[in-house]
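Notes follow the structure.
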Amino acid sequence: MAALQQDRNTKEIYCNAPAIHRIRSMGKTQVYAGSICAVNSEGAAVPAADEAGLVVLGRCETYLSNGKIIAKSGVFIFDAATDGSEKLSDTDINHIVYVLDDHTVGKTGGTNHIPAGVLRDIVSSTEVAVEIGNLAIG
(Lines give C-alpha, C1' and ligand atoms only; values in the text may rest on other atoms or scores of the structure.)
Protein backbone atom coordinates (compact mmCIF):
# COMPACT_ATOMS: atom_id res chain seq x y z
CA MET A 1 0.00 0.00 0.00
CA ALA A 2 1.04 3.59 -0.46
CA ALA A 3 1.31 6.18 2.29
CA LEU A 4 -1.67 8.44 2.90
CA GLN A 5 -2.26 11.48 0.71
CA GLN A 6 -5.07 12.94 2.83
CA ASP A 7 -6.70 12.68 6.26
CA ARG A 8 -8.66 9.52 7.02
CA ASN A 9 -11.27 8.46 9.56
CA THR A 10 -9.44 5.83 11.58
CA LYS A 11 -11.93 4.27 13.98
CA GLU A 12 -11.10 3.94 17.67
CA ILE A 13 -12.15 1.00 19.81
CA TYR A 14 -13.04 2.15 23.29
CA CYS A 15 -11.63 -0.12 25.95
CA ASN A 16 -9.47 0.21 29.02
CA ALA A 17 -6.36 1.19 27.07
CA PRO A 18 -4.89 4.46 28.35
CA ALA A 19 -5.50 7.41 26.05
CA ILE A 20 -2.40 9.58 26.17
CA HIS A 21 -2.22 12.73 24.06
CA ARG A 22 1.23 13.83 22.94
CA ILE A 23 2.01 17.09 21.15
CA ARG A 24 5.02 17.13 18.83
CA SER A 25 6.39 19.46 16.18
CA MET A 26 5.89 18.09 12.70
CA GLY A 27 8.93 17.16 10.65
CA LYS A 28 9.33 18.02 6.98
CA THR A 29 6.69 15.49 5.87
CA GLN A 30 2.94 16.07 6.32
CA VAL A 31 1.37 13.86 8.99
CA TYR A 32 -2.27 13.23 8.12
CA ALA A 33 -5.03 12.97 10.70
CA GLY A 34 -5.95 9.32 11.21
CA SER A 35 -2.49 8.06 10.31
CA ILE A 36 -0.03 6.11 12.41
CA CYS A 37 2.30 8.82 13.72
CA ALA A 38 5.91 8.27 14.74
CA VAL A 39 8.75 10.35 16.10
CA ASN A 40 12.15 10.40 14.42
CA SER A 41 15.62 10.65 16.00
CA GLU A 42 15.35 14.46 15.97
CA GLY A 43 12.11 14.33 18.00
CA ALA A 44 9.91 15.47 15.13
CA ALA A 45 6.55 13.88 14.34
CA VAL A 46 6.52 12.05 11.00
CA PRO A 47 4.24 9.55 9.27
CA ALA A 48 5.07 6.01 10.37
CA ALA A 49 7.07 4.13 7.76
CA ASP A 50 9.58 1.33 7.39
CA GLU A 51 12.45 3.71 8.24
CA ALA A 52 15.19 3.04 10.77
CA GLY A 53 14.96 4.83 14.09
CA LEU A 54 11.25 5.65 14.17
CA VAL A 55 9.16 5.13 17.31
CA VAL A 56 5.36 5.01 17.03
CA LEU A 57 3.54 7.64 19.12
CA GLY A 58 -0.10 6.87 18.29
CA ARG A 59 -2.80 7.95 15.87
CA CYS A 60 -2.53 11.52 14.60
CA GLU A 61 -5.62 13.30 15.90
CA THR A 62 -5.11 16.65 14.25
CA TYR A 63 -2.48 19.13 13.27
CA LEU A 64 -2.25 22.55 14.82
CA SER A 65 -1.63 25.90 13.15
CA ASN A 66 1.80 26.18 14.81
CA GLY A 67 3.24 23.19 12.92
CA LYS A 68 2.54 20.67 15.69
CA ILE A 69 0.38 17.57 15.78
CA ILE A 70 -1.55 15.80 18.51
CA ALA A 71 -0.99 12.03 18.65
CA LYS A 72 -3.30 9.83 20.74
CA SER A 73 -2.54 6.36 22.08
CA GLY A 74 -5.24 3.70 22.24
CA VAL A 75 -6.76 0.90 20.15
CA PHE A 76 -7.52 1.81 16.54
CA ILE A 77 -8.58 0.06 13.36
CA PHE A 78 -5.81 0.11 10.76
CA ASP A 79 -5.29 -1.60 7.42
CA ALA A 80 -3.80 -5.07 7.49
CA ALA A 81 -1.22 -6.41 5.07
CA THR A 82 -2.74 -8.82 2.58
CA ASP A 83 0.32 -10.59 1.18
CA GLY A 84 1.59 -13.95 2.44
CA SER A 85 4.58 -13.05 4.61
CA GLU A 86 2.93 -10.02 6.26
CA LYS A 87 -0.64 -11.31 6.52
CA LEU A 88 -1.97 -11.48 10.08
CA SER A 89 -4.15 -14.21 11.58
CA ASP A 90 -5.83 -15.05 14.88
CA THR A 91 -2.59 -16.64 16.12
CA ASP A 92 -0.97 -13.18 15.99
CA ILE A 93 -3.42 -11.64 18.48
CA ASN A 94 -1.59 -10.15 21.50
CA HIS A 95 1.70 -10.15 19.57
CA ILE A 96 3.60 -7.16 18.24
CA VAL A 97 2.75 -6.02 14.72
CA TYR A 98 4.98 -3.85 12.56
CA VAL A 99 4.67 -0.70 10.47
CA LEU A 100 4.46 -1.09 6.70
CA ASP A 101 3.31 2.48 6.09
CA ASP A 102 1.33 5.17 7.91
CA HIS A 103 -1.93 3.18 7.88
CA THR A 104 -0.89 -0.46 7.36
CA VAL A 105 0.60 -3.06 9.72
CA GLY A 106 1.97 -6.54 9.15
CA LYS A 107 3.55 -9.55 10.79
CA THR A 108 7.25 -8.70 10.28
CA GLY A 109 7.37 -5.14 8.96
CA GLY A 110 9.74 -4.98 6.04
CA THR A 111 13.43 -4.14 6.34
CA ASN A 112 13.55 -2.10 9.57
CA HIS A 113 10.90 -3.93 11.63
CA ILE A 114 9.41 -0.80 13.27
CA PRO A 115 7.00 -1.97 16.02
CA ALA A 116 3.55 -0.44 15.56
CA GLY A 117 1.86 -1.90 18.61
CA VAL A 118 0.04 -5.00 19.79
CA LEU A 119 -2.56 -6.74 17.66
CA ARG A 120 -5.78 -6.88 19.68
CA ASP A 121 -8.21 -8.30 17.10
CA ILE A 122 -8.73 -9.25 13.47
CA VAL A 123 -11.65 -7.13 12.25
CA SER A 124 -11.76 -8.41 8.66
CA SER A 125 -9.39 -9.72 6.01
CA THR A 126 -8.17 -6.14 5.46
CA GLU A 127 -8.52 -4.47 8.89
CA VAL A 128 -7.11 -5.10 12.36
CA ALA A 129 -7.41 -3.53 15.81
CA VAL A 130 -4.00 -2.42 17.10
CA GLU A 131 -3.08 -0.91 20.46
CA ILE A 132 -0.50 1.76 19.72
CA GLY A 133 1.41 4.32 21.75
CA ASN A 134 1.04 2.69 25.18
CA LEU A 135 3.56 -0.09 25.46
CA ALA A 136 7.32 -0.31 25.70
CA ILE A 137 7.92 -2.50 22.67
CA GLY A 138 10.75 -3.33 20.36
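Atom CZ of Arg120 and atom NE2 of His95 lie 11.0 Å apart (nearest 0.5 Å). We find the CG-CD distance between Asn94 and Glu131 to be 9.5 Å, quoted to the nearest 0.5 Å. Distance check: Arg24 CZ to Cys60 SG gives 13.0 Å after rounding to the nearest 0.5 Å. The line from OG1 of Thr126 to NZ of Lys87 is 10.0 Å long, rounded to the nearest 0.5 Å. Considering CD1 of Ile96 and NE2 of His113, their distance stands at 12.5 Å, rounded to 0.5 Å.
Minimum heavy-atom separation, Leu88 to Val128: CD1-CG1, 4.1 Å. Residue Thr111 comes nearest to Asp50 through the heavy atom pair N-OD2, 2.9 Å, listed as atom of the first residue, atom of the second, then distance. Shortest non-hydrogen contact noted between Ala129 and Val123 is N-CG2, 3.9 Å. Of all heavy-atom pairs spanning Ile69 and Cys37, the tightest one is CD1-SG, 3.5 Å. A pairwise comparison of heavy atoms in Lys68 and Ile23 identifies CD-CG2, 3.8 Å as the closest pair. Summarising the geometry of Leu4 relative to Tyr32, their closest heavy-atom pair is O-CE1, 3.3 Å, with the distance given to 0.1 Å.
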For Val56 and Leu54, what are the C-alpha separation, side-chain angles and deciding distance, and is it a side-chain contact (heavy atoms from CB on, under 4.5 Å)?
-> CA-CA 7 Å; Val56 170; Leu54 296 185; over 6 Å; no
Would you sort out whether Phe78 and Leu100 count as a side-chain contact (heavy atoms from CB on, under 4.5 Å), showing the intermediate values?
-> CA-CA 11 Å; Phe78 289 109; Leu100 296 176; over 6 Å; no
I would like to know whether Ser73 and Arg22 meet side-chain contact (heavy atoms from CB on, under 4.5 Å); could you show each step before the answer?
-> CA-CA 8 Å; Ser73 64; Arg22 297 174 175 97; 4.0 Å; yes
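Met26 and Leu64 fall into different hydrophobic clusters, where Ile, Leu, Val, Met, Phe, Trp and Tyr residues are linked whenever their side-chain heavy atoms come under 4.5 Å apart, directly or through other members. Cluster annotation: Val99 is connected to Ile122 through the hydrophobic network of ILVMFWY side chains, with a link wherever side-chain heavy atoms come within less than 4.5 Å. Linking Ile, Leu, Val, Met, Phe, Trp and Tyr whenever their side-chain heavy atoms come within less than 4.5 Å leaves Ile36 and Val31 in two separate clusters. Side-chain heavy atoms closer than 4.5 Å link hydrophobic residues (I, L, V, M, F, W, Y) into clusters, and following such links, even through other members, never connects Tyr98 to Leu57. If you chain together hydrophobic residues whose side chains sit under 4.5 Å apart, Tyr63 and Ile132 never meet in one group.
Of the possible polar contacts, one joining the Asp101 side chain to the Thr104 backbone as a donor-acceptor pair under 3.5 Å is found. Using modelled atom types, no side-chain atom of His103 and backbone atom of Ala48 make a donor-acceptor pair closer than 3.5 Å. Asn112 places no side-chain N or O within 3.5 Å of a backbone atom of Ile114 that could act as its donor or acceptor partner. The backbone N or O of Ala71 sits nowhere less than 3.5 Å from a side-chain atom of Glu61 that would complete a donor-acceptor pair. Side chain of Glu86 to main chain of Gly110: a donor-acceptor pair is present (N/O by atom type, distance under 3.5 Å, no hydrogens or angles).
The shortest distance between side-chain heavy atoms of Lys72 and Ile20 does not fall below 4.5 Å.
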